[in-house]
Amino acid sequence: MTDELSDLDLVKWYFNVCNTALATPNANPVITLVESLVVKATSNQVITLKLVDDSQQTIGWYTTRFVDGQFGPVEEGEYDPESRFTLRRSFLRNVVEDSDQYIEHPERLDWSWMTPT
C-alpha cells in the first residue's frame, strides 16, 4: 500500500496518525505530556519537516502548524536550514502500515523534534 503513496501523502498520513493519537489522551498518559510540549514548542508556528531516505539524502520539505491541539494541513515546503525535524521515509511507511499500533502506542511516534538541540 505505501508504495502507491506519494511522499506528500506519507507525510499527511503521519500527521493524521499524530492527530488521532492526540485526540485520545485518556488512552495513554504519555500523549497528554506530548501535547503540552507541542503547544509550548510550536503553537501556531510553522513546523518544517525534512524528509530523508535511509541514506539521509533529502527527499523533500513539508510544513504544517500546530493549532488548537491538532496539526493542520500539510503542504510541500521549501528548504529551511533551521529545521530540526527530520524523518526517514521508511519510518513513515512503517507508521502508515501499522497506524493502529502507533495510535495505541503514541510514544512510538517521533516526538524528539520538540526537544532543544
May I ask whether Leu49 and Val52 are part of the same hydrophobic cluster, defined by side-chain heavy atoms of I, L, V, M, F, W, Y residues being less than 4.5 angstrom apart, directly or through others? no
Mind listing the closest non-hydrogen atom pair of Lys50 and Thr58 along with its distance? CE-OG1, 2.9 Å
State which residues pass side-chain contact (heavy atoms from CB on, under 4.5 Å) with Gln101; sequence neighbours excluded, sorted by chain then number. Asp98, Glu104, His105, Arg108
Under the side-chain contact (heavy atoms from CB on, under 4.5 Å) test, which residues partner Asp53, sequence neighbours left out? Ser55, Gln57, Ile59
Rounded to the nearest 0.5 angstrom, the CD-OH distance for Glu76 and Tyr62 is 5.0 Å
Just say parallel, tilted or perpendicular for the rings of Phe15 and Phe71, cut-offs at 30° and 60°. tilted
If you round to the nearest 0.5 Å, how far is CD of Gln56 from OG1 of Thr86? 7.5 Å
Near Glu78 CD, under 6.0 Å, is it more than 12 heavy atoms from other residues, nucleotides or ligands? no
On a heavy-atom basis, the closest approach of Leu109 and Ala21 is CD1-CB, 4.3 Å
Shortest non-hydrogen contact between Phe91 and Asp110, atoms and distance: CZ-N, 3.9 Å
Run the side-chain hydrogen bond (donor to acceptor under 3.5 Å, both in side chains) test against Asp7 and tell me which residues pass, sequence neighbours left out. Arg89
Do side-chain atoms of Thr64 reach the backbone of Gly72 as a donor and acceptor pair under 3.5 angstrom? yes
Please name all residues satisfying side-chain contact (heavy atoms from CB on, under 4.5 Å) with Ser99, sequence neighbours left out, ordered by chain then number. Trp13, Val17
Could you state the interatomic distance from CG (Leu92) to CG (Leu5), rounded to the nearest 0.5 Å? 10.5 Å
The side-chain contact (heavy atoms from CB on, under 4.5 Å) partners of Asp54 (sequence neighbours excluded) come to Arg88, Ser90
Ignoring hydrogens, what is the shortest heavy-atom contact between Leu22 and Gln70? Give both atom names and the distance. CB-NE2, 4.0 Å
